[in-house]
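As the structure lists them, so they are numbered: ligands from 1, and atoms in each ligand from 1. In this chain, numbering begins with 1 at the start of the sequence shown. Side chains included, hydrogens not; waters and symmetry mates left out as well; all remaining heavy atoms used.
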Amino acid sequence: MTAGDTVSQGVGAAIRSRFPIFEHTIYANSCSQGALSLDVRQAYEEYLAGWDEHGAEWEHWVERAEAARAAFARLVGADPGEIAVVTSVSQGVSGLVSALPLEPERNRIVISEFEFPTVGQIAHAQELRGAEVVHVRPEPDGRIPLERFAEAIDERTALVCCTAVSYRTGYRLDVAEVAQIAHEHGALCLADSYQAAGAIPLDVRALGVDLLTAGTVKYLLASAGLAFMYVREGLHERLLPTQTGWFADEDIFRMDISDYSPAADARRFDSGTPPVPNIYAGLAGIAIVEDVGVPAIEAHIRGLVDLLLAGLDELGATVATPRGEGEYGPLICVASTDPRALVQALQVERIVASERDLNLRISLHVYNVEDDVARILGALGSHRALLA
Ligand SMILES: Cc1ncc(COP(=O)(O)O)c(C=O)c1O
């Protein structure tokens, strides 16, 4: 074992006791929902205790929402004024596209075939407003070469939507290159980074994206109902969302109904009352991620994923996730003859994974350890007939 391996094992082993599920289960489904920690449970209890003790704690709740904005900003290397706090990626992206003029000469929205359904559906909903949606398809090997994006993006493109890590295959896209192609044609670039945030370092300046969105349900270790959208400074003035709400107003508590005067910064993409309980949970989940540090988490996951890949090769399994350097992250997809039956068979052995398309999805995070990988491989070996 190398020094790196020792550190890697240490991160998982040190943190695991804060996630009670590991007392009885091997959890490898963070791509769907991160495991519940004692910290997040306690955060919910604090929210309830404050509500019980003080009744309406509006000022404190608004302060917590601003703390969430600052935490999301730190996570992606942005300024808090570039972050909208929303309840879901869907809400953020809907607000964004509502701000696109979609004039006939620039009415195209380019989406990759790996977009989460919500992004595709929101894009197609804009056809009602005159948008034309162009799909960028992957190759049979599960990659989307940059040339495919280059072919699809042109002077009529208003927005390019890409996904940092595919929820379907685990494929990790070179977002920075896609953003560059978008910019060469005067288009904006949005990176849905839900499957990366908390597991892979994200730096909006290095990526060069205009917009980036993610939520707290997965590798940020919290619960449903909280997400964020980064909107690059410099875009705020020209993006006027028509999907809005009073928490997006320049002066929330003026309670003015005489006009539409959105906040000068990315808060113009907020909406109604902040999702206060989810913000408590989100801050606790993000604090765990920040304590360890995303680069250390990435290194830890990488060690485990490489062990998993080596074991899958030994089993003769077909890995659907592209395996070039930089092409995969925390999610590995394995071809199965019957993915649902395989998920159920693993469940019987108290291993939680998930399925999409014709693949088993195994996702690893900060709390997993080498022994989890060994147990998963052992279980897959005993259900070899379900591997394609
Ligand atoms: C890549 C990606 N985008 C978006 C979402 C969810 O979006 P929303 O927050 O709107 O439910 C998910 C959740 O599974 C996802 O994996």
Once ring pair (Phe, Tyr, Trp, His ring centres under 6.0 Å) is applied, do any residues pair with H124, and if so which ones, sequence neighbours excluded?
H135
What I'd like to find out is whether the side chain of V62 reaches to under 4.5 Å of the side chain of F247, using heavy atoms alone.
yes
For residues 222-229, run the donor-acceptor check on the side chains, cut-off 3.5 Å, and write out each pair with its distance to 0.1 Å, sequence neighbours left out.
| unit_1 | atom_1 | unit_2 | atom_2 | d |
| --- | --- | --- | --- | --- |
| S223 | OG | Y44 | OH | 2.3 |

For residues Y194 and Y167, establish whether the separation of their ring centroids is below 6.0 Å.
no
Could you see if V305 belongs to whatever hydrophobic cluster contains V373? Use Ile, Leu, Val, Met, Phe, Trp, Tyr and a side-chain cutoff under 4.5 Å.
yes
Does anything in residues 376-388 form a side chain to side chain donor-acceptor pair (under 3.5 Å)? List the pairs, not counting sequence neighbours.
E349-H383
Residues with a heavy atom under 4.0 Å from ligand 1, by chain and number, are S88, V89, S90, F116, Y167, D192, Y194, Q195, K218
